[in-house]
2 protein chains.
Amino acid sequence: MMGPHWWYNRFRGWGYRLTIPRQAILEILSKSDKHLSAEEIYLEVHKEYPSIGLATIYRTLELLVQMGIVNKFDFGDGRARYELAEDSKGPKHHHHLICNVCGRVIDYRDFSEEEKNFFESLERNLSQRYNFEIKNHQVMFYGICDKCKGK
Amino acid sequence: MMGPHWWYNRFRGWGYRLTIPRQAILEILSKSDKHLSAEEIYLEVHKEYPSIGLATIYRTLELLVQMGIVNKFDFGDGRARYELAEDSKGPKHHHHLICNVCGRVIDYRDFSEEEKNFFESLERNLSQRYNFEIKNHQVMFYGICDKCKGK
DNA sequence: ATCGCAAATGAGAATCATTCTCAATTGAGA
DNA sequence: TCTCAATTGAGAATGATTCTCATTTGCGAT
């Protein structure tokens, strides 16, 4: 799943074209297992296709977010991060602990069964209550990390 | 609770001073029940104290976030929002539904008992597991809102 | 009180991610 | 192949946030 045809149909369904730059960006996002910033994606894409500009990266990412293919994160360091939304149901999905003092971001994905079930049922509930089609979610816990506790 | 003395002690405890600009900012945050942007806070503060500059607003907010007094949010519209963290345990606390298509942000605070209990126990669990002192959390669900479904 | 100094501030410049403009290119359908 | 809207690249423009630096302020010691 999620090969070129899948992307192609997805784009056509929205009335968009699956161009080389867009494929290149999806390629990079598929290979990475981290949240990438626009510039990081640009640099990766640039290795293979030096002619693709940064503006196209931003435009494409915005499109992908609207299409629900990509998730946009913000950890408060002044730059947005992106990742494939498909991962939000898969093993790569995770939540975050963010230190208010040093800004460190800790991922955790060792969810309990209870935690998984809870979010699934909550999403179903909210979808109905607000007639809102939920694609994914983000959870961030803020506080003070172990390294900053002594301060 | 949370009067001038309380703030004063809190600041002194961190080795900071509770100055007029800082009091003014806390005053505005206390009165508002919305997430305010730095500029909105600046404009409010400016009514009472026209000499206080925008840079001071930013510096103070950063300080307040580090001290755990204020929460910083980011909904992807290019500007950060701030609110008193104390509310995160109180009746004002809420989660968000964010539309990927039009950017609309829907708050909900009609939590079920189950939802409340779940987050409380999850926070206790994570605090232990990661030796991380959790002050508050943010939950955002992304997807397509009712108004954008037809598109 | 007042002295000394680090903390805090205001004003404006500087930064930097993101968005916009516009002329040139590309691709799907006829 | 032809047409036209969609897409793109390059660079300028935008706008929130941060930085610089000279000045002011407030706590602790005298």
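What you see below is based on every heavy atom in this structure, not just the backbone, and it leaves out hydrogens, waters and symmetry mates. Proteins get letters first, then strands, A, B, ... in listed order; numbering begins at 1 in each.
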With sequence neighbours excluded, give me every salt bridge (charged side-chain N to carboxylate O under 4.0 Å, His left out) pair touching [range].
range	answer
residues 44-54 of chain A	A/E44-A/K47
residues 67-76 of chain A	none
residues 55-71 of chain B	none
residues 3-25 of chain A	A/R10-A/E86

Close N or O pairs between protein and nucleotides 23-27 of chain D (under 3.5 Å):
| from | atom 1 | to | atom 2 | distance (Å) |
| --- | --- | --- | --- | --- |
| D/dT25 | O2 | B/R17 | NH1 | 3.2 |
| D/dG26 | O4' | B/R17 | NH1 | 3.3 |
| D/dC27 | O3' | B/R12 | NH1 | 3.2 |

Roughly how far apart are [X] [atom1] and [Y] [atom2], rounded to 0.5 Å?
X	Y	atom1	atom2	result
A/F11	A/T19	CZ	OG1	7.0 Å
B/I41	B/H46	CD1	NE2	15.0 Å
A/I106	A/C145	CD1	SG	6.0 Å
B/L26	B/L84	CG	CG	7.0 Å
A/I57	A/Y82	CD1	OH	10.5 Å
A/I25	A/S30	CD1	OG	11.5 Å

Does anything in residues 47-55 of chain B come within less than 4.0 Å of DNA chain C? Heavy atoms only, and list the residues if so. B/S51, B/I52, B/G53, B/A55

Taking salt bridge (Lys or Arg N to Asp or Glu O under 4.0 Å) as the test, write out the residues that go with B/E133, two or more places apart.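 For B/E133 the salt bridge (Lys or Arg N to Asp or Glu O under 4.0 Å) partners, ignoring immediate neighbours, are B/K135.
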
The salt bridge (Lys or Arg N to Asp or Glu O under 4.0 Å) partners of A/R79 (sequence neighbours excluded) come to A/E39

Any side-chain heavy-atom pair of A/M140 and B/N136 under 4.5 Å: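 With C-beta onward as the side chain, the pair stays apart.
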
Find the bend of the helix from C/dA1-D/dT30 to C/dA30-D/dT1 as the angle between its two terminal axes (five pairs each), to the nearest 10°. 40°

Calculate the interatomic distance between [X] atom [atom1] and [N] atom [atom2]; express it in whole Å.
X	N	atom1	atom2	answer
A/D74	D/dA16	CG	P	15 Å
B/E62	D/dA16	CD	P	18 Å
B/K72	D/dA16	NZ	P	14 Å

Pick the nucleotide of DNA chain C nearest each of B/T60 and B/G76; which residue has the one closer to the 5' end? B/T60

Contact boundaries of DNA chain C with chain B (under 4.0 Å, heavy atoms), 5' to 3'? C/dA6 to C/dG12

List, with names and distances, any nitrogen or oxygen atoms from the protein found under 3.5 Å away from nitrogen or oxygen atoms belonging to nucleotides 12-14 of chain D.
none

With a non-hydrogen cut-off below 4.0 angstrom, is A/R59 in contact with a base, only sugar-phosphate, or nothing? base

My understanding is that only residues two or more places apart in sequence, or in another chain, count here; which of them pass side-chain hydrogen bond (donor to acceptor under 3.5 Å, both in side chains) with B/N9?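 side-chain hydrogen bond (donor to acceptor under 3.5 Å, both in side chains) list for B/N9, sorted by chain: empty.
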
Classify the side-chain pair A/H137/B/H95 by whether it contains a donor and acceptor separated by less than 3.5 Å. no

